[in-house]
Number of protein chains: 2
Amino acid sequence: MIDISEILENFRAFIKSKGLKYTPEREEILIEILKYKDHFDVDELHMELKKKGSKISKASIYRTLPLLIEAGYIQEVYKQEGRAYYEVVINKLPHLHFICIKCKKVEEIIDPKLIELIQEHAKKKEFHLLSYHLEIFGTCLECRKGGMV
Amino acid sequence: MIDISEILENFRAFIKSKGLKYTPEREEILIEILKYKDHFDVDELHMELKKKGSKISKASIYRTLPLLIEAGYIQEVYKQEGRAYYEVVINKLPHLHFICIKCKKVEEIIDPKLIELIQEHAKKKEFHLLSYHLEIFGTCLECRKGGMV
DNA sequence: TCTCTATTGAGATCTAATTTCAATTTTGAT
DNA sequence: ATCAAAATTGAAATTAGATCTCAATAGAGA
Ligand SMILES: [Mn+2]
Ligand SMILES: [Mn+2]
Ligand SMILES: [Zn+2]
Ligand SMILES: [Zn+2]
């Protein structure tokens, strides 16, 4: 479970440490994002905020996401059809994604051995690792079997 | 080494098998692409063709790439700054990419153990694997050390 | 309260990728 | 070789996610 008030305080400190201003918009976006258990995109987030009566613009969302990434709360996980998808990574192990190109279902696979291999390579190459994109595209069993597209 | 005439014959058969027409444009694009040893994007390819006097339009390139992917000659390897990058995968082992976000250098890492792990997961999940995106973003040693951006 | 500066929303802009459409080309049949 | 049907082409229009511009507003320290 995630302790929201602790994260908000953390975020406030992060924002101030960068000489930026802690605005209601930034906080509201963070609070909303923390509710996501799965992947989300900007449109989805914006609609969700609107549904709750918020007037936050997409521009502000686009401006806030990089801050949340830098603060380490979220990551961009993959792009599909020209659209970027994000996920909360607090208390979440690195993992790879099996993405069905038919039904768009995304399955997460956690494999510490795999992540370890990657980190070994990074270490060997003296590469400072910032983020992963481990996506496997294909078709899931259900979609191969039949109908349901 | 790649046997071009064999591939062209192969491509012709592929195109015909789909009830499509084998045009000089499609062949020219394939021939040009087969020359690439590294990653390329549409703009680069288009300029390269133009430089050689070709009048092939970007639209035709955009229309041909999916065919070449389907035929198994190339793959989309990653997207950066809204642009897709491709590579020839004939006689090429699956591999991951370390991408430096500063100098944009891309390093390929071949690790059969890693690929095997992924294939095991796919098998376990009964997922029919079509393509990988294994990209690791970060900074290379040179860029961390200093100047050269 | 005051002042400096960052931030906001709305809309303009950017640009990779896709679509449209009339002219042209391929291809198989005659 | 000629023909007709259907696919393909290039050019330009369009789409859409992401970024940028800018005037109005709000945060934060003095
Ligand atoms: Mn995930
Ligand atoms: Mn590669
Ligand atoms: Zn599926
Ligand atoms: Zn670098």
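Letters A, B, ... are given to chains in the order of the sequence lines, protein chains preceding strands, and every chain is numbered from 1.
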A.B. asks: What is the separation between atom CG on A:Leu49 and atom C1' on C:dT8, rounded to the nearest whole Å?
C.D. replies: 15 Å
A.B. asks: Take B:Pro24 and B:Glu81, find for each the nucleotide of DNA chain C with the closest heavy atom, and name the residue whose nucleotide sits nearer the 5' end.
C.D. replies: B:Glu81
A.B. asks: Please identify each residue that fulfils ring-ring contact (aromatic ring centres under 6.0 Å, His included) with A:His133, with sequence neighbours left out.
C.D. replies: B:Phe137
A.B. asks: Please report, rounded to the nearest Å, how far the P atom of C:dA16 is from the CZ atom of B:Phe40.
C.D. replies: 16 Å
A.B. asks: Can you measure A:Glu76 atom CD to D:dT19 atom C1' for me and round it to whole angstrom units?
C.D. replies: 15 Å
A.B. asks: Side chains of B:His121 and A:Glu107: do they bring a donor and an acceptor to under 3.5 Å?
C.D. replies: no
A.B. asks: Less than 4.5 Å apart, side chain to side chain, heavy atoms only: is that true for B:Lys35 and B:Glu48?
C.D. replies: no
A.B. asks: With sugar-phosphate meaning primed atoms plus P, OP1 and OP2, does B:Lys58 contact a base, only sugar-phosphate, or nothing at under 4.0 Å between heavy atoms?
C.D. replies: nothing
A.B. asks: Grab the CG-P distance between B:Leu65 and C:dT18 for me, whole Å please.
C.D. replies: 9 Å
A.B. asks: Hey, is NZ on B:Lys123 packed in by over 12 heavy atoms from elsewhere, all under 6.0 Å?
C.D. replies: no
A.B. asks: Can a side chain N or O of A:Tyr62 be found less than 4.0 Å away from OP1 or OP2 on D:dA18?
C.D. replies: yes
A.B. asks: Does either side chain, that of B:His39 or that of B:Glu44, offer a donor lying less than 3.5 Å from an acceptor on the other one?
C.D. replies: no
A.B. asks: Without decimals, in angstroms, what is the distance between B:Glu28 CD and D:dT9 P?
C.D. replies: 11 Å
A.B. asks: I need the CG-C1' distance between B:Asp41 and C:dT15, as an integer number of Å.
C.D. replies: 13 Å
A.B. asks: Take atom NZ of B:Lys50 and atom P of D:dG10, then tell me their distance rounded to the nearest Å.
C.D. replies: 12 Å
A.B. asks: Could you check which residues of residues 9-22 of chain B get a heavy atom under 4.0 Å from DNA chain D? Sort them by number, please.
C.D. replies: B:Leu20, B:Lys21
A.B. asks: From CD1 of B:Ile61 over to C1' of C:dT19, roughly how many Å is that when rounded to an integer?
C.D. replies: 17 Å
A.B. asks: So, are A:Lys52 and A:Glu28 salt-bridged, with charged N and O less than 4.0 Å apart?
C.D. replies: no
A.B. asks: Should B:Thr23 be listed as having a side-chain N or O under 4.0 Å from OP1 or OP2 of D:dT9?
C.D. replies: yes
A.B. asks: With the side chain of B:Ala59 defined as its heavy atoms from C-beta on, choose the nearest nucleotide among C:dT19, D:dC20, D:dG17.
C.D. replies: C:dT19
A.B. asks: Listed by chain and number, what are the ring-ring contact (aromatic ring centres under 6.0 Å, His included) partners of B:Tyr36, not counting sequence neighbours?
C.D. replies: B:Phe40
A.B. asks: Just N and O in the side chain of B:Ser60: are any of them under 4.0 Å from OP1 or OP2 of D:dT8?
C.D. replies: no
A.B. asks: Check whether any side-chain N or O of B:Arg26 sits under 4.0 Å from OP1 or OP2 of D:dT8, and answer yes or no.
C.D. replies: yes
A.B. asks: Of all the choices, C:dA17, C:dG9, D:dG10, which nucleotide is nearest to the side chain of B:Ser57 once you look at every atom?
C.D. replies: D:dG10
